[in-house]
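Note sheet for the following structure.
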Amino acid sequence: MRSRFQRFFIGRNGLDQLAKASLILSMIFLLITSITRNPILYLITLLLLAYAYFRMMSKNVNKRLYENQKFMKIMNKTIDFFKGFKDIGWKTRAFFTEFGRKIRYGRKQDAESKAYRIYKCPECKQKVRVPRGRGKIEITCPKCRTAFIKRT
């Protein structure tokens, strides 16, 4: 029986990322449908399941590959968008740490601001501290090594 099944799948698309996503989404919808008993959601679940099986059984591998590549391109953009949110934690901590320093060491911060000037790198937005009163100087960002000229 196993060899028949393997011979049946020769030349077919099989399980790819888009088919997996369709199956997972249909299982989630099936779970929601079992709770809500919504017939429209049930119909969407069946259509997603049918689409996943259609993709797996299709012999037009080139077209399915093209569709899967488009899906993966969209998924990668979505994943990259949500990866940006993981930096929120340290940025929030850095803001409140700086805010706390200003409250605790107000006078020291004022003396420091008289001696130094802070610029942001035009490329990576990294803060760079340079001494005041030096005229026009070329500043090199320590993070991305971009050079830019500013007046101190």
Side-chain angles (χ1 to χ4, degrees), residues 12-58 60-152:
R12 297 188 189 270
N13 189 43
L15 190 65
D16 59 358
Q17 287 88 357
L18 183 53
K20 282 181 188 178
S22 298
L23 284 172
I24 291 169
L25 198 59
S26 67
M27 292 301 144
I28 292 170
F29 281 163
L30 187 63
L31 190 75
I32 294 170
T33 303
S34 67
I35 296 169
T36 62
R37 306 236 186 251
N38 187 344
I40 295 171
L41 202 57
Y42 184 69
L43 180 66
I44 292 171
T45 303
L46 289 179
L47 289 174
L48 277 171
L49 200 57
Y51 180 69
Y53 281 117
F54 163 74
R55 286 193 60 77
M56 288 190 285
M57 301 298 172
S58 175
N60 193 351
V61 178
N62 290 332
K63 192 169 184 180
R64 301 293 94 80
L65 180 67
Y66 177 71
E67 292 167 354
N68 192 48
Q69 285 175 345
K70 280 181 125 178
F71 170 74
M72 289 307 295
K73 194 174 187 181
I74 292 169
M75 281 302 294
N76 287 336
K77 283 183 182 179
T78 307
I79 289 168
D80 289 343
F81 174 76
F82 284 109
K83 278 185 179 179
F85 287 119
K86 75 177 183 179
D87 294 338
I88 288 176
W90 75 264
K91 288 179 181 176
T92 307
R93 281 194 308 275
F95 170 77
F96 284 113
T97 305
E98 180 113 4
F99 185 70
R101 278 193 203 122
K102 285 182 181 179
I103 291 172
R104 276 184 260 146
Y105 311 112
R107 291 186 179 186
K108 187 177 181 182
Q109 199 75 5
D110 290 338
E112 185 178 305
S113 65
K114 289 179 184 176
Y116 295 98
R117 183 98 189 251
I118 297 175
Y119 292 103
K120 282 189 178 180
C121 173
E123 293 293 319
C124 66
K125 308 299 184 217
Q126 172 73 32
K127 288 182 180 179
V128 181
R129 189 180 75 167
V130 294
R132 284 186 181 267
R134 303 288 168 125
K136 269 190 175 177
I137 58 170
E138 183 178 7
I139 304 165
T140 304
C141 175
K143 187 175 179 183
C144 67
R145 301 285 182 225
T146 302
F148 55 99
I149 298 172
K150 291 287 183 176
R151 179 175 288 152
T152 62

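If you read the sequence from its start, that first residue is 1, and numbering goes on from there. Side chains are part of it too, since the values below use all heavy atoms of this structure and drop only hydrogens, waters and symmetry mates.
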Taking all non-hydrogen atoms of both residues, which atom of [X] and which atom of [Y] are closest, and how far apart?
X	Y	result
Leu41	Thr45	O-OG1, 2.8 Å
Thr146	Glu123	OG1-CG, 3.3 Å
Met56	Arg12	O-CB, 3.8 Å
Arg37	Pro39	O-CD, 3.5 Å
Pro122	Phe148	CD-CD2, 3.5 Å
Arg132	Tyr116	NE-O, 3.2 Å

With a 4.5 Å limit on heavy-atom distance, are the side chains of [X] and [Y] in contact?
X	Y	answer
Pro142	Val128	yes
Arg55	Leu18	yes
Phe54	Arg64	yes
Leu31	Met27	no
Leu23	Leu49	yes

[atom2] on [Y] to [atom1] on [X], rounded to 0.5 Å:
X	Y	atom1	atom2	value
Lys125	Cys141	NZ	SG	11.0 Å
Leu25	Leu30	CG	CG	11.5 Å
Phe29	Thr36	CZ	OG1	10.5 Å
Leu47	Tyr42	CG	OH	11.0 Å
Lys73	Thr78	NZ	OG1	12.5 Å
Asn13	Lys63	CG	NZ	12.5 Å

(Q) I'd like to know if the side chain of Thr152 and the backbone of Arg134 have a donor-acceptor N/O pair within less than 3.5 Å. (A)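 Yes, the answer is positive, given that a donor and an acceptor are paired below the 3.5 Å cut-off.
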Q | Note: Lys70-Glu67 ion pair, threshold 4.0 Å (strictly below) | A | no
Q.
Would you say that more than 12 heavy atoms from the other residues, nucleotides or ligands in this model lie under 6.0 Å from the CD1 of Ile40, or not?
A.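 Open.
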